There are 2 protein chains.
Amino acid sequence: MRLSTRGRYGIRAMLDIALHDNEGYVALKSIAERQNISESYLEQLIGELRKAGLVMSARGAQGGYKLSLPVSQITVGAILRTLEGSLAPVDCVSEDSPFICGQSEECVTRDLWLKIRDSINSVIDTVTLKDLVDKIQKNEKK
Amino acid sequence: MRLSTRGRYGIRAMLDIALHDNEGYVALKSIAERQNISESYLEQLIGELRKAGLVMSARGAQGGYKLSLPVSQITVGAILRTLEGSLAPVDCVSEDSPFICGQSEECVTRDLWLKIRDSINSVIDTVTLKDLVDKIQKNEKK
DNA sequence: CCAATTCCAGGTAAATTACTCGGTATTCAA
DNA sequence: TTGAATACCGAGTAATTTACCTGGAATTGG
C-alpha cells in the first residue's frame with residue numbers, strides 16, 4: 001500500500017512550482033535540481049499533470065511550467081490520482097475501473113475496501129496545495 | 001496504492017477459517033479450494049499469520065488451522081499488517097521502519113502522509129473478523 | 001506403518017517501477 | 001536570423017516486486 005515515486009515526486013514538483021508561482025514559468029530543470037529528482041523522469045510526470053490540466057506550459061527559451069489554477073483549488077487528491085490512478089485499495093472499489101468480482105463472499109469485504117477508500121479520499125480531497133504552502137511559510141517565519 | 005494479493009487472500013482465508021471456527025481445525029487444502037487460491041502460495045501466507053499469532057496449527061492427519069483468538073478480537077488491521085507490512089503511504093510514516101528523510105521540504109508533506117496513514121488505520125483497526133462474519137450471516141438469513 | 005497434513009527453503013516467470021535515450025518542435029534574445 | 005534554451009514525445013531497459021511453484025522434511029491420527 002505504498003505510494004510510488006510518481007505520486008511523491010508529483011506532490012513535490014507541484015509544491016515547488018507553487019512556491020515559485022509569482023515568478024512566471026518555472027523550468028523543469030530547476031525543479032528537478034531543487035527537488036533532486038531525475039529530470040527526464042520528472043518530465044514524464046509533469047507531462048501527465050499538464051494533460052490533466054493542473055499545470056500549463058510554455059515552450060522555448062524562458063519557458064517552463066506554472067499552475068493553471070490557484071493553489072487553493074489544487075487538491076493533493078487531484079495530483080495523486082493523475083499520477084497513481086485511483087487510490088482505492090482494491091480494483092472492485094476503484095473509481096476509474098469498476099471491476100466487478102464474481103466472488104460472492106468477497107463482496108462482504110467490499111464494504112471494508114469502500115471504507116478504506118473513502119477515508120483516504122476524505123483526506124486527499126480536502127488538503128490543497130495552499131495548505132502545504134501555508135505550512136512552509138509558517139515554518140520559515142519561525 | 002493497491003493492496004497486493006497477500007492482504008486480500010489473507011483476509012479471505014481468515015474469514016474462511018472464522019466461518020468454520022466451530023468445526024475444529026480447517027485444512028489448508030479446503031481453504032484454498034473454497035477460496036480458489038493457489039494452495040502453495042496460501043501456505044506461505046498462513047505461515048506468516050501463524051507466526052504473528054493470529055492462527056494456530058495442528059500438524060499431521062486431521063490437522064489444519066484455527067483462529068487463536070475470538071473473532072471479535074482479530075482486526076483486519078492485524079491481518080493486513082502481517083501480510084503487507086505497515087499500510088503507511090510512504091516509508092517516513094511507517095510504523096515498523098521509521099525511515100527519516102533528509103529532505104527538509106518533504107517534511108511539510110509528512111503531515112499529509114500521517115493523516116492518510118491514520119485515516120486508514122482508524123478503519124482497519126476497528127473492523128474485526130466478527131463484523132465480517134456477522135454480515136455474511138445476516139446476508140444468508142435473507 | 002501410511003496417508004494426510006503442516007512446515008520450510010529456495011527458485012522463477014511475469015509484471016511493475018523507475019528510470020534513460022535520442023530525437024523533434026518551439027521560442028526568446030542577441 | 002540563428003542559436004541556446006526549453007518543452008514534447010515514444011521507445012527502450014535495468015532493477016525490483018509479486019505471485020507464484022518445487023521438492024522435500026517433520027508430524028500425527030487411524
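Predicted model, so just to flag it, every value in this text is computed and none were measured. Protein chains get the first letters and strands the later ones, always in sequence-line order, with residue 1 at the start of each.
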Rounded to whole Å, how long is the line connecting atom CD of Q44(B) with atom C1' of dC20(D)? 8 Å
Scan S40(A) against the nucleic acid and name what it touches under 4.0 Å (heavy atoms): base, sugar-phosphate only, or nothing. base
side-chain contact (heavy atoms from CB on, under 4.5 Å) between L80(B) and M1(A): does it pass, once the steps are laid out? CA-CA 10 Å; L80(B) 292 179; M1(A) 280 280 285; over 6 Å; no
Tell me whether L69(B) shares a hydrophobic cluster with V133(B), the cluster being built from Ile, Leu, Val, Met, Phe, Trp, Tyr side chains joined at under 4.5 Å. yes
Residue whose nearest DNA chain C nucleotide is more 5′ - V26(B) or Q62(A): V26(B)
Check every atom of dC19(C), dA19(D), dA3(C) against the side chain of A61(B) and return the nucleotide holding the closest atom. dA3(C)
Whole angstrom is fine here: how far is it from CG in L3(B) over to P in dT18(D)? 11 Å
Base dC9(D) to side chain E43(A), donor-acceptor N/O within 3.5 Å cut-off: yes
In whole Å, I'd like the distance from the CD atom of E39(B) to the C1' atom of dT6(C). 11 Å
Closer than 4.0 Å, any side-chain N/O of R50(A) to the OP1 or OP2 of dC8(D)? yes
Do the charged groups of K130(A) and D134(A) touch, with an N to O distance under 4.0 Å? yes
Decide whether R12(B) and N36(B) meet the rule of one side-chain donor and one side-chain acceptor closer than 3.5 Å. no
What is the distance from CG of L28(B) to C1' of dC21(D), rounded to the nearest Å? 14 Å
OP1 or OP2 of dA19(D) versus the side-chain N and O atoms of T5(B): is any pair under 4.0 Å? yes
Whole Å only: how far is the OH atom of Y25(A) from the C1' atom of dA29(C)? 18 Å
Spacing of I46(A) atom CD1 relative to dC8(D) atom P, expressed in whole Å: 9 Å
For dT5(C), does either OP1 or OP2 sit under 4.0 Å from a side-chain N or O belonging to S57(B)? no
Measure from CG on D91(A) to P on dT16(C) and round the result to the nearest Å. 10 Å
Using a strict 4.0 Å threshold on nitrogen-to-oxygen distance, state whether R8(A) and D91(B) make a salt bridge. no
Residue mapping more 5' on DNA chain D - nearest nucleotide basis, G60(A) or K51(A): G60(A)
What nucleic acid atoms does Y65(A) come within less than 4.0 Å of, heavy atoms only: base, sugar-phosphate, or nothing? sugar-phosphate
Round to a whole Å and report the spacing from OH of Y41(B) to P of dT18(D). 8 Å
Under 3.5 Å, is there an N or O donor on one side and an acceptor on the other linking the side chain of R59(A) and the base of dT26(C)? no
